[in-house]
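So that the names make sense, note that chain A is the first sequence line, chain B the second, and so on, each numbered from 1.
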Protein chains: 2
Amino acid sequence: MEITLHSPLDMHLHLRDAEMMKLVAPLSSDFAGAVIMPNLVPPVTTPDMMEAYRQRVLEAVGCSFTPLMTLFFTPLGEKELEATRALPGFFGMKLYPAGITTNSEGGVSNLAEAETTLRLMEEMGIPLLVHGESHGFVMDREEEFLAVYRDLATRYPKLRISMEHITTAAALRLLDEFPNLCATVTLQHLLITLDDVAGGQLKPHLFCKPIAKRPQDRDALLAAALGGHPRLMFGSDSAPHPRCRKEACGCAAGVFTAPVALPVLAELFARHGAADKLQGFVSGNACKLYGIRPTERSVTLRDEPSAMPVPSSYRSYGCEVVPMFAGERLPWSIVR
Amino acid sequence: MEITLHSPLDMHLHLRDAEMMKLVAPLSSDFAGAVIMPNLVPPVTTPDMMEAYRQRVLEAVGCSFTPLMTLFFTPLGEKELEATRALPGFFGMKLYPAGITTNSEGGVSNLAEAETTLRLMEEMGIPLLVHGESHGFVMDREEEFLAVYRDLATRYPKLRISMEHITTAAALRLLDEFPNLCATVTLQHLLITLDDVAGGQLKPHLFCKPIAKRPQDRDALLAAALGGHPRLMFGSDSAPHPRCRKEACGCAAGVFTAPVALPVLAELFARHGAADKLQGFVSGNACKLYGIRPTERSVTLRDEPSAMPVPSSYRSYGCEVVPMFAGERLPWSIVR
């Protein structure tokens with residue numbers, strides 16, 4: 001069996017910067033493009049920083065890949081938003097509650113301060129991407145944040161709001177209530193639960209934020225993706241950290257899935273008889289929702305095991321990162 | 001302020017064996033005695049193995065410490081139980097559902113097979129200690145097992161059943177329903193929640209089974225301990241693993257608290273104005289419930305910081321283990 005995907009998009013990707021970006025960016029090059037997260041150190045908060053980062057991304061990943069750039073949300077006025085929107089490759093604003101995940105210390109701590117900017121974004125048609133977690137108990141953080149999404153969706157009915165990397169059945173229910181909401185979901189949250197992270201031994205390479213939830217949540221997310229939910233998009237949230245920071249005592253949050261995402265998704269959708277829904281999930285839904293027209297690219301996947309197992313790690317430029325499924329033989333592979 | 005404890009007991013302790021035991025056993029010697037877990041490799045399943053292990057424990061820990069020995073539960077007949085009960089230092093049978101935790105592969109997979117043994121234990125007054133977890137979702141395992149405790153408590157009304165290392169408010173509610181149930185609780189489950197294990201960075205040295213639960217659970221356990229619940233006993237479940245197995249990718253479950261337990265408990269109870277309840281929690285309740293009369297020992301604790309921080313690890317005999325609060329200065333210390 002073969003599945004050919006046209007212009008697959010990763011709607012949530014961390015490419016980092018400098019040496020780490022040189023290592024990981026080429027591993028996303030089977031995608032036609034990706035929404036690039038701005039939580040660098042320091043975060044990408046100005047149009048100039050964003051354009052400079054875009055140039056570095058293009059150089060690192062290769063020219064047939066379209067980086068859809070995001071700006072780290074800070075309150076901006078009309079002029080700054082206009083200047084940002086005018087830049088090539090600008091996609092939207094990424095809002096982080098302050099301190100909620102990797103390099104988010106400069107995020108928003110009071111949404112009231114964002115009011116003017118959000119109103120302008122609504123008028124100007126600039127999408128808002130949100131890391132939706134509260135500061136509460138780790139298993140409740142997403143569900144507790146849903147009231148904020150509800151408030152945003154109600155107050156800004158024309159604002160395109162993306163609930164990034166959703167992990168719960170409750171988030172899916174909210175998605176269905178508001179047509180101005182859309183959502184991304186990662187590879188790992190379609191596959192694993194907290195049991196895989198901490199139910200047997202503790203598995204640092206499966207630890208991410210938001211943390212994987214209950215079986216019912218994973219099952220609901222998978223059913224929505226396989227069922228072709230029109231406002232659910234693939235966003236890997238592939239988040240490389242140096243191996244030493246993942247296997248240390250205070251393990252950093254993030255699963256590195258970029259190099260395995262497409263073959264794993266192909267196998268998952270085919271196994272559930274939903275191969276016809278994969279195109280929408282990895283590209284079509286996003287194109288319709290955002291009016292994107294990515295570079296024409298096609299990738300063919302085949303139900304033949306890869307010749308080689310997934311590398312136990314990727315190393316170069318002095319960096320080493322461990323991918324999901326490290327050392328395993330994937331049942332599907334990309335036809336090269 | 002000072003608190004003097006008489007014959008403190010650790011009602012759930014892993015001393016392991018061989019070199020590891022030589023390293024960790026002396027670190028429990030401020031206790032007058034402890035209930036010693038039998039999940040060695042192979043598990044302690046016969047009276048001979050138990051007596052030989054007791055001798056090794058005595059040699060490792062020093063002679064003023066009373067090891068209260070447990071046998072790894074397997075179905076036994078009357079003669080075997082009589083022979084076991086006749087041995088010095090025998091305390092009870094420890095039942096593990098098969099495969100539920102470290103070295104529990106030989107545990108019970110069908111409680112119906114335990115029927116005859118449990119009936120005999122009830123008649124002979126032999127306590128049953130249970131690792132009460134199902135094979136379900138990690139956050140639900142204890143709560144799902146409560147139906148088994150309920151069944152055991154109902155069917156064997158004169159059997160003394162200890163719910164080991166409880167972690168949930170639901171377990172406390174069940175405890176209050178059946179006078180033949182008692183329970184132990186660890187140091188870490190009075191202090192931490194899943195947030196401490198996986199809410200920020202991932203913390204392998206706080207990872208244990210049962211896993212730490214919700215804030216409401218921790219708060220209920222602490223309130224019961226501070227309130228002097230007469231059937232709640234301190235059992236550290238101090239569970240040393242070699243550092244390399246805790247900080248590896250597949251981190252083993254267990255928190256090593258033996259060397260810090262008494263000063264941390266003293267500070268905790270004193271801070272909450274419950275210093276008068278500590279004696280019952282660490283000794284009196286167990287003595288009453290089981291009719292134990294441990295060697296007379298007293299330990300005095302004082303609200304003065306220890307001269308030295310908790311070691312970052314304990315090393316000798318080729319082993320290295322990392323304690324809870326490694327590298328921290330404890331506000332209370334043992335008066336030497």
Please classify the contact of Lys209(A) with chain B as side chain, backbone, both or neither, using a heavy-atom distance under 4.5 Å.
side chain
Find out whether Lys213(A) and Met139(B) are in side-chain contact, i.e. whether some heavy atom of one side chain is under 4.5 Å from a heavy atom of the other.
no
What residue, out of Ile211(A), Asp140(A), Val197(A), Ile100(A), has the most heavy-atom pairs lying under 4.5 Å from chain B?
Asp140(A)
Answer key: most heavy-atom pairs under 4.5 Å with chain A among Ala252(B), Ala198(B), Ala253(B) is Ala198(B)
Return the option, out of Arg214(B), Glu247(B), Lys203(B), with the maximum number of heavy-atom pairs under 4.5 Å with chain A.
Arg214(B)
Contact origin within Arg243(A) toward chain B - heavy atom pairs under 4.5 Å
neither
Nearest heavy-atom approach of Leu194(A) to Val138(B) is CD2-CG1, 3.7 Å
Distance-only, no hydrogens or angles: does the Arg141(A) side chain make a donor-acceptor pair with backbone N or O of Gly199(B) under 3.5 Å?
yes
To the nearest 0.5 Å, what is the distance between NE2 on His135(B) and CG on Asp195(A)?
12.0 Å
Find the distance between CG (Leu202(B)) and CZ (Phe207(A)) and round it off to the nearest 0.5 Å.
5.0 Å
So for atom CZ, which belongs to Arg315(A), do other residues, nucleotides or ligands contribute more than 12 heavy atoms lying within a distance under 6.0 Å?
no
